[in-house]
Amino acid sequence: MTLSPPLLALDSRNFTTVENAELQLGSVQKSRRNPLFCEDFFADPPKRWEARFDNVYPSVIYDEDEGIFKCWYKSFIVDEASIETPLAQRPQTRYTGGEREEGLLYATSNDGVHWEKPALGLIEFEGSRANNIVMRRAIHGIHAGGVLKDPRDPDPTRRYKFIHRNPRAGRMGTCFSADGLRWSQPRLWPEHDAVGDTHNNAIWSPDLGRYVGITRGWSERAFHGLRTVLRSDSTDFLHWSAPVEVMRGVDAHDQIYSMPIVQYAGLYIGLPAVFHKGDEKAADWDTVDTELAWSADSVHWGRICPGQALIPRGRGSYPDGEYDCGCIYAAAPIVHGEKLLIYYGGSNGLHNNWRESSLNLATLDIDRFAGYGPREERQTALVTTAPLRLDADLITVNAQIAADGAIRAALLDGAGSCLPGYALEDCLPLKTSGISCKLRWKGPPPACQPGRTVQLAIALDNATLYAIKGASRLSD
């Protein structure tokens, strides 16, 4: 029997009761190789088209066909203030921007850590094509876009897709490419539009049979009020539905700047970038944190642990702070082996001032976006699942267990009573962490029979539960 997707703890539909337990964000690990690559405007020799990465807005995939990682990222290939101001002079001046032009740049990696910026010979910049530019505003009219590889499209010239704001035309638009390098001219959205001044991104949803695009709006007239997350969908990547607000922050100090999404384990996972702009006296004023959100249908979204960063910013402040102490803008997570890879643009300064930016990597163990753990230390947490249909003769959990911790589980029948021999005290305690830990009981003959309907009551002692495998929610 085919196993169902894991039941993630962050999905509130999976549980009927929660006692002395609370959701806790998974613990990301930043790569020791960070920053993976930086603006090379001041390198030797210089890449003069990397004047200022700004938010980076990375789109990263692992290309199974070619066996390499690919990254498309944003750079201001012209940025008057950055070009004219050496690094040593920046702390004494205020960033003003000036004349700017945006480009979309491309990099590859064999291992996801060591990156190459190839000289592609495609787009001319300052009289030379020896650069890694694949689109530039002066030619394509691009701003703030996201790349999607779409192997299901039967037209090879549309294998790669790009959704963006087109400032030259003042509308949202899309571009297509056979190889992700040579791009068509933009095709503007014919019926609808959005402010779109953000990391626009899109995915193909097999469940919905359409593309889902995420962009940005404002609670009032453009560039006033609060930033909001807008959703649009399309069957052909050309004609899009009217963008509809699906999320907004709490106030001016909690605005959603962008939200890359991915479909994962039957859900939609979003990584909202939360812009702290409202309170100038706050310690985090003018910074950007990346948080976690989820949705069952791509329309109704909930934030997990709002106010807590999934990827913590680094320590310090400009110019001496860590490489990501100011702002963090994540790419959509990708699965690689037993890890979740979250690439992100990190910068070392405030959003509206000088900041040098870079591509970075944070990782999570598979399925560990967020998990239930005890609300109070030294007290047992208890979570009870919704009715489940068993897929197999065993159930596994993805869990982090402290040295003095343990997980036990009981099997309940449809009336909420323990099956004989499957009470908490009959469970062999789990005491070792893992992404696929088997639940075992002392006996009698197995009650874990495929197709059977049960509930699980799971006791957590100094342990965190991230996911359950081997069952599906009955309501599905």
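No hydrogens, no waters, no symmetry mates; every other heavy atom, side chains included, goes into these values.
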Check your understanding: Between Tyr73, Tyr257, Phe275, which is the residue that forms a ring pair (Phe, Tyr, Trp, His ring centres under 6.0 Å) with Tyr329?
Key -> Tyr257

Review point. So does Arg168 have more than 12 non-hydrogen atoms from other groups sitting under 6.0 Å from CZ?
Key: yes

Check your understanding: Between Arg158 (side chain) and Phe237 (backbone), is there a donor-acceptor pair under 3.5 Å?
Key -> no

Check your understanding: Just by distance, do the side chain of Asp193 and the backbone of Met172 share a donor-acceptor pair under 3.5 Å?
Key -> yes

Review point. Would Glu80 and Arg100 count as a salt bridge (Lys or Arg N to Asp or Glu O under 4.0 Å) if you check the C-alpha gap in whole Å, the side-chain angles of each, and the deciding distance to 0.1 Å?
Key: CA-CA 6 Å; Glu80 186 177 17; Arg100 301 198 297 185; over 6 Å; no

Practice item. Apply the test side-chain contact (heavy atoms from CB on, under 4.5 Å) to residues Val335 and Val262: give CA-CA distance (whole Å), side-chain angles for both, the deciding distance (0.1 Å), then the verdict. Key: CA-CA 10 Å; Val335 178; Val262 66; over 6 Å; no

Review point. Should the heavy atoms of other residues, nucleotides or ligands under 6.0 Å from CD of Glu191 be counted, would the total exceed 12?
Key: yes

Point to revise | Arg52 and Glu39 ion-paired at < 4.0 Å | key: no

Check your understanding: With a 4.0 Å cut-off, would you call Arg315 and Asp324 a salt bridge?
Key -> no

Practice item. Could you verify whether a donor N or O on one side chain and an acceptor N or O on the other, from Asn348 and Trp354, lie under 3.5 Å apart? Key: no

Check your understanding: How far apart are the C-alpha atoms of Phe15 and Tyr372, what are their side-chain angles, what is the distance that settles it, and do they pass the ring-ring contact (aromatic ring centres under 6.0 Å, His included) test?
Key -> CA-CA 11 Å; Phe15 301 92; Tyr372 272 112; 5.3 Å; yes

Exercise for review: Quick one: do Ser298 and Leu208 satisfy side-chain contact (heavy atoms from CB on, under 4.5 Å)? Show the steps, please.
Suggested key: CA-CA 9 Å; Ser298 79; Leu208 301 176; 3.7 Å; yes

Review point. Do Asp153 and Lys161 meet the salt-bridge criterion of a basic N to acidic O distance under 4.0 Å?
Key: yes

Point to revise | Backbone N/O of Arg90 and side chain of Thr85: donor-acceptor pair under 3.5 Å | key: no

Check your understanding: Does Lys30 reach the main-chain N or O of Pro312 with its side chain, forming a donor-acceptor pair under 3.5 Å?
Key -> yes

Practice item. For salt bridge (Lys or Arg N to Asp or Glu O under 4.0 Å), just list the numbers for Arg216 and Asp197, CA-CA rounded to whole Å, side-chain angles, deciding distance to a tenth of an Å, and then say yes or no. Key: CA-CA 7 Å; Arg216 189 171 75 204; Asp197 183 30; 3.4 Å; yes

**Study point:** Short side-chain to backbone donor-acceptor contact, Thr287 and Asp284, under 3.5 Å
**Key:** yes

Practice item. Please confirm whether the backbone N or O of Ser357 pairs with a side-chain atom of Ser347, one donor and one acceptor, at under 3.5 Å? Key: no

Check your understanding: Is there a donor-acceptor contact under 3.5 Å from the side chain of Gln400 to the main chain of Ala463?
Key -> no

Point to revise | salt bridge (charged side-chain N to carboxylate O under 4.0 Å, His left out) partner of Asp254, the single match among Lys277, Arg303, Arg248 | key: Arg303

Review point. NE2 of His300: more than 12 outside heavy atoms within 6.0 angstrom?
Key: no

Review point. Under 4.0 Å between a Lys/Arg side-chain N and an Asp/Glu carboxylate O for Asp365 and Lys339?
Key: yes

**Study point:** Basic-acidic side-chain contact under 4.0 Å: Asp40, Lys117
**Key:** yes

Check your understanding: Hey, does the Lys NZ or Arg CZ of Arg152 hover above the aromatic six-ring of Trp204, less than 6.0 Å from the centre and inside 45° of the axis?
Key -> yes

Check your understanding: With no hydrogens and no angle check, do the side chains of His276 and Asp289 hold a donor and an acceptor under 3.5 Å apart?
Key -> yes

Check your understanding: How about Asn398 and Thr396: does a side-chain donor come under 3.5 Å of a side-chain acceptor?
Key -> no

Exercise for review: Start with the C-alpha distance between Leu120 and Val134, add both sets of side-chain angles, then the distance that settles side-chain contact (heavy atoms from CB on, under 4.5 Å), and finish with yes or no.
Suggested key: CA-CA 8 Å; Leu120 298 171; Val134 296; 3.6 Å; yes

Review point. With distance as the sole criterion, is a donor-acceptor pair present between the side chains of Arg165 and Asn200 under 3.5 Å?
Key: no

Check your understanding: Are Phe162 and His140 near enough that their ring centres are under 6.0 Å apart?
Key -> no

Exercise for review: Check whether any side-chain N or O of Asn110 sits under 3.5 Å from a backbone N or O of Ile68 as a donor-acceptor pair, and report yes or no.
Suggested key: no

Point to revise | SB check Asp63 Lys149 (cutoff 4.0 Å) | key: yes

Exercise for review: Taking only Lys NZ, Arg NE, NH1 and NH2, and the carboxylate oxygens of Asp or Glu, determine whether Glu22 and Arg375 approach each other closer than 4.0 Å.
Suggested key: yes

Practice item. Could you walk me through whether Arg136 and Glu101 pass salt bridge (Lys or Arg N to Asp or Glu O under 4.0 Å), step by step? Key: CA-CA 8 Å; Arg136 64 180 294 182; Glu101 182 192 348; 2.7 Å; yes

Review point. Any idea how Tyr264 and Phe369 line up, ring-wise: parallel (<30°), tilted (30 to 60°), or perpendicular (>60°)?
Key: perpendicular

**Study point:** Stepwise side-chain contact (heavy atoms from CB on, under 4.5 Å) check, Ile256 with Val274
**Key:** CA-CA 5 Å; Ile256 312 299; Val274 182; 4.0 Å; yes

Check your understanding: Would Arg355 count as a cation-pi partner of Tyr95, with NZ or CZ less than 6.0 Å from the six-membered ring centre and within 45° of the ring normal?
Key -> no

**Study point:** Polar side-chain atom of Thr290 near backbone of Leu271 as donor-acceptor pair, under 3.5 Å
**Key:** no

Exercise for review: Just say parallel, tilted or perpendicular for the rings of His199 and Tyr57, cut-offs at 30° and 60°.
Suggested key: parallel

Exercise for review: Take Tyr323 and Glu356 through the test side chain to side chain donor-acceptor pair (under 3.5 Å) and record every step on the way to the result.
Suggested key: CA-CA 8 Å; Tyr323 58 89; Glu356 290 78 57; over 6 Å; no

Review point. Hey, is CD on Glu126 packed in by over 12 heavy atoms from elsewhere, all under 6.0 Å?
Key: yes

**Study point:** Distance-only donor-acceptor check, side chains Asp207 and Gln263, under 3.5 Å
**Key:** yes

Review point. Is a side-chain donor or acceptor of Ser234 paired with a backbone partner of Asp236 at a separation under 3.5 angstrom?
Key: yes

Review point. Would a line drawn from the ring center of Phe76 to the ring center of Phe53 be shorter than 6.0 Å?
Key: no

